[in-house]
Amino acid sequence: MDDATRNRDLASEVATLLAEFAADRELAGLRPHLTAHLERLGERLRVAVIGEVNAGKSTLVNALVGKDVAETSGGELTYVNWWFRAGTPERMRLRRPDGQHDVVAIGTCLGDLDLGHPAPVEIFLDSTLLADLTVIDTPGLYSLRHDNSERTRRLLDQGRDQSVKAAREADALLYLTASDLPGARDQATLSRFTAMFGTVRVAPTNALMLLSRAERRADRSVTEDPLVQVDALARRYRADLFSYVWDIAPVSALAAALARTGRIDDGIAREVRALAAATAAGPGVGEPSPLRRRLLLSDDYLRSGLDGRGMSGLLALCDRGLGCYEMRAMLAAADRDEATAARLAGALEAASGLQAVEDLIRRTFADRGGIILADAALADIERRSYTLRPALPRRAASRVRARCEALRTARPELQDLVDARTAVDPAVRLEPEERSELAALFSGESTRLPAAEAGRRAETWMARANAVHTTPQQCAIALRAHTRYAEMLRGDDPA
Ligand SMILES: Nc1nc2c(ncn2[C@@H]2O[C@H](COP(=O)(O)OP(=O)(O)O)[C@@H](O)[C@H]2O)c(=O)[nH]1
Ligand SMILES: [Mg+2]
């Protein structure tokens with residue numbers, strides 16, 4: 001059984017328990033919450049894509065679903081939430097202010113929408129990603145530009161309200177930022193943002209950050225791959241932002257969308273070939289000419305003295321929505337082979353970082369969807385079993401908690417998620433190395449260790465639990481780590 005299937009089973013196991021609670025007369029006070037969770041447990045995990053206006057959110061969503069559907073470049077239409085769901089035939093459902101909805105073809109003008117509805121625009125698509133996840137494209141929390149017109153401010157306010165609403169409705173967050181200093185700015189934003197919800201739904205275990213416009217962050221005076229450079233940057237940010245996001249990765253959404261949405265056609269391939277020929281040193285020459293080299297390394301190459309033919313080829317490509325980075329990636333590919341549309345798209349995709357992002361989304365969200373939903377439901381019901389007293393009889397509330405606890409014990413992946421969350425909780429004050437070791441251990445990312453190593457680690461964590469200055473919280477998580485490693489040890493030894 002694969003992870004995703006096992007986790008869906010887990011969600012249905014939790015659903016069975018909640019249905020049992022819902023049938024219990026003593027738990028009538030919990031019933032509306034149980035019903036809401038039961039509905040959600042049968043749904044796909046909802047991932048909200050949030051960040052500043054123009055971060056590249058819609059461009060990324062287009063790349064992920066493989067179609068040019070999400071409205072890009074800040075048109076007024078993007079100031080509402082767009083829900084991307086699995087479904088055929090492909091269509092769009094629009095919520096109207098009068099409470100009705102219209103089902104229309106994708107691309108139809110939106111018209112008046114009910115902004116109070118959580119999903120004013122829904123797009124149903126046949127896409128691999130959407131088989132496991134529902135994606136919510138949001139307008140943006142704030143703008144990095146400083147345009148203070150009345151209209152812009154009104155739209156930004158509306159966009160922020162919509163983004164907040166989407167995050168409240170979501171189970172997981174994909175946080176995109178184009179800003180240069182994710183440290184301070186985004187830490188403050190993320191902190192305000194998570195404080196607004198304070199539930200396990202937007203816990204760091206359920207959030208990823210993408211450094212968008214990755215190509216612009218790289219130092220082009222060095223030859224190292226821009227993505228590799230920005231990945232090193234992401235690793236540094238990871239250490240600072242551990243209590244907000246599970247992982248951080250670079251992405252060039254524009255290159256990704258161009259590669260995946262079928263816009264690299266034979267016409268573009270022809271123009272790229274012509275441009276490559278116009279700037280090559282000569283037929284069959286391996287080493288690029290000085291002009292060509294400059295073209296490949298510089299962003300100013302529109303002014304770099306191309307001949308007339310080269311210049312018109314370049315402008316034609318610009319007209320088709322290609323930026324400098326995309327042209328550079330395609331020209332480099334054209335250097336290597338005969339540059340068909342498919343090969344150019346492949347080169348762009350490799351230059352975009354999209355595959356690593358998809359991998360991360362799959363590991364963090366798609367494969368764990370059932371666990372995240374189950375955990376959020378259990379945590380919420382357990383919390384309400386305290387807060388709903390006196391409406392809930394004390395004995396019934398204790399029964400709820402005992403059953404939830406028993407389910408966690410029976411399904412260790414649920415307890416692992418709780419422990420992963422504890423490991424990245426700054427209040428627990430673990431050392432950075434301890435934190436990353438535990439995060440890997442409880443997320444199943446650390447591979448099975450040889451018996452000797454597992455035994456050594458089990459002992460180390462036992463010693464940590466027993467150390468003089470260990471706080472009760474540190475002690476509890478250290479004992480969990482000890483148990484986890486001790487289990488590996490037993491599993492390794494069939495006797
Ligand atoms: N240079 C560059 N531009 C990008 C990238 N991704 C998106 N853009 C451009 O940034 C603008 C805003 O993108 P959009 O996806 O609408 O941003 P959103 O407001 O976050 O949804 C568009 O003109 C995109 O073409 C990228 O990776 N690199
Ligand atoms: Mg957008």
Side-chain angles (χ1 to χ4, degrees), residues 47-84 110 113 120-121 123 135-145 147 152 155-156 158-163 165-167 173-180 182 186 189 209-218 220 226-227 229-231 233-234 249-261 263-264 298-302 317-330 348-357:
V47 181
V49 184
I50 61 160
E52 66 260 21
V53 175
N54 268 319
K57 300 182 294 298
S58 305
T59 308
L60 178 74
V61 170
N62 281 339
L64 289 171
V65 300
K67 286 197 177 70
D68 252 330
V69 272
E71 185 77 16
T72 55
S73 351
E76 186 157 359
L77 300 186
T78 57
Y79 287 83
V80 298
N81 294 329
W82 290 45
W83 287 53
F84 289 81
L110 299 182
L113 295 168
V121 177
I123 313 261
V135 175
I136 314 174
D137 184 24
T138 69
L141 291 163
Y142 53 84
S143 175
L144 291 176
R145 292 199 196 127
D147 170 2
T152 309
L155 284 175
L156 283 176
Q158 180 186 318
R160 194 189 48 237
D161 291 351
Q162 287 275 310
S163 301
K165 197 191 294 258
L173 299 180
L174 193 57
Y175 186 88
L176 230 77
T177 181
S179 86
D180 279 338
D186 287 301
T189 311
M209 180 185 263
L210 300 182
L211 302 179
S212 69
R213 302 191 178 215
E215 81 283 359
R216 300 248 173 126
R217 297 167 189 268
R220 268 180 294 272
L227 283 177
Q229 288 184 46
V230 185
D231 202 45
L233 188 70
V251 72
S252 281
L254 187 58
L258 283 163
R260 284 283 176 89
T261 54
R263 271 193 281 150
I264 304 301
S298 148
D299 253 4
D300 309 324
Y301 63 73
L302 286 173
L317 286 166
C318 287
D319 281 347
R320 321 256 318 227
L322 266 65
C324 301
Y325 182 67
E326 291 69 40
M327 286 195 221
R328 231 182 358 254
M330 294 206 299
L348 268 187
E349 181 166 321
S352 74
L354 185 64
Q355 272 178 24
V357 167

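All values derive from a computational prediction rather than experimental measurement. All residue numbers refer to positions in the sequence shown, counting from 1. Every number for a ligand or one of its atoms is a count from 1 in the order of the listing.
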Looking at ligand 1, does any of its N/O atoms fall within less than 3.5 Å of an N/O of [X]?
X	value
Leu254	yes
Ser252	no
Gly56	yes
Ala255	no
Ala55	yes
Asp137	no

Just by distance, do the side chain of [X] and the backbone of [Y] share a donor-acceptor pair under 3.5 Å?
X	Y	result
Lys57	Pro139	yes
Thr177	Leu211	no
Thr261	Asp68	no

Closer than 4.0 Å to some heavy atom of Arg216 - which atoms of ligand 1 meet that?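 Numbered from 1, ligand 1 contributes 1 (N).
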
Which of the numbered atoms in ligand 1 are under 4.0 angstrom from any heavy atom belonging to Val53?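 So the answer, numbered in order with elements, is 19 (O).
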
Can you name the residues that form a side chain to side chain donor-acceptor pair (under 3.5 Å) with Gln229, not counting sequence neighbours?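 For Gln229 there are no side chain to side chain donor-acceptor pair (under 3.5 Å) partners, ignoring immediate neighbours.
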
Under the side chain to side chain donor-acceptor pair (under 3.5 Å) rule, collect the residues that match up with Ser252, sequence neighbours excluded.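 Per chain and number, Ser252 pairs via side chain to side chain donor-acceptor pair (under 3.5 Å) with Glu215.
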
If the contact criterion is a heavy-atom separation under 4.0 Å, does Gly140 count as touching ligand 1?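 Contact absent.
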
Would you say the side-chain atoms of Thr138 and Gln162 include a donor-acceptor pair closer than 3.5 Å?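 Gln162 and Thr138 do not have a side-chain donor-acceptor pair below 3.5 Å.
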
Work out which heavy atom in Asn81 is nearest to a heavy atom in Ala166; give both atom names and the distance.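 Here Asn81 and Ala166 meet closest at ND2-CB, 3.5 Å.
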
Would you say Thr59 has an N, O or S atom lying under 2.8 Å from the Mg ion (ligand 2)?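 Not a single backbone or side-chain N, O or S atom of Thr59 is under 2.8 Å from the Mg ion (ligand 2).
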
To the nearest 0.5 Å, how far apart are CZ in Arg216 and CG in Leu254?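 CG of Leu254 is found 9.0 Å from CZ of Arg216.
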
Out of Thr59, Asn62, Thr177, whose heavy atom is nearest to atom 24 (C) of ligand 1?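 Nearest heavy atom to atom 24 (C) of ligand 1 lies in Thr59.
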
